[in-house]
Amino acid sequence: MESLSCGTVVCVVCLEKPKYRCPACRVPYCSVTCFRKHKDDDDCVADFLNSDEEEDRVSLQSLKNLGESATLRSLLLNPHLRQLMISLDQGDNKAKLMRAYMQEPLFVEFADCCLRIVEPSQNEDS
């Protein structure tokens with residue numbers, strides 16, 4: 001897949017180098033296992049998007065902005081951050097892991113970068 005040869009594109013599930021794109025949403029993935037996990041996650045996302053808790057939702061434009069951020073992509077190339085993200089995703093006690101990871105400067109930089117993209121006006125005021 002020629003368009004995925006760029007070093008900044010990563011699998012949406014495991015953050016490895018992708019070989020394929022989802023036929024439905026075009027996100028990159030690297031294997032059948034990751035594709036199946038992505039499809040399972042999409043069901044969860046669909047349930048979330050149909051929920052009534054709008055104040056906690058990130059707009060589709062903000063999600064697109066996250067995906068297009070060169071700074072965020074650069075951060076996600078860091079193997080240590082990638083391992084933290086995988087551990088967080090696979091962990092049983094996500095709240096405890098988040099508290100621990102928020103002590104890691106690299107993870108804080110990642111979180112801050114995401115927040116600057118998702119909530120730019122709130123971050124400019126502070």
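None of the values given here were measured: they were computed from a predicted structure.
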Could you tell me whether the side chain of [Y] reaches within less than 4.5 Å of the side chain of [X], counting heavy atoms only?
{"X": "Tyr101", "Y": "Met85", "result": "no"}
{"X": "Pro28", "Y": "Val10", "result": "no"}
{"X": "Leu88", "Y": "Phe107", "result": "yes"}
{"X": "Tyr29", "Y": "Cys11", "result": "yes"}
{"X": "Leu106", "Y": "Leu75", "result": "yes"}

May I ask you to decide if Asp89's main-chain N or O and Lys94's side chain share a donor-acceptor pair within less than 3.5 Å? yes
Donor-acceptor contact present, side-chain Ser87 to main-chain Gln83, <3.5 Å: yes
Only one of Val118, Leu66, Leu72, Val108 forms a side chain to side chain contact (heavy atoms under 4.5 Å, CB included) with Cys113, so which one is it? Leu72
Looking at [atom1] of [X] and [atom2] of [Y], how far apart are the two atoms once the value is rounded to the nearest 0.5 Å?
{"X": "Leu81", "Y": "Glu109", "atom1": "CG", "atom2": "CD", "answer": "9.0 Å"}
{"X": "Lys37", "Y": "Ser31", "atom1": "NZ", "atom2": "OG", "answer": "12.0 Å"}
{"X": "Met98", "Y": "Leu84", "atom1": "CE", "atom2": "CG", "answer": "10.5 Å"}
{"X": "Ile117", "Y": "Asp112", "atom1": "CD1", "atom2": "CG", "answer": "11.0 Å"}

Taken in chain and number order and not counting sequence neighbours, the residues that satisfy side-chain contact (heavy atoms from CB on, under 4.5 Å) with Glu68 are Lys64, Asn65
So if you build clusters from Ile, Leu, Val, Met, Phe, Trp, Tyr with side-chain heavy-atom gaps below 4.5 Å, do Ile86 and Val12 land together? no
Restricting to non-hydrogen atoms, name the atom on Glu16 and the atom on Cys30 that form the minimum distance, rounded to 0.1 Å. CB-SG, 4.5 Å
Pairs involving residues 67-100, ordered by first then second residue, that meet ring-ring contact (aromatic ring centres under 6.0 Å, His included) (sequence neighbours left out): none
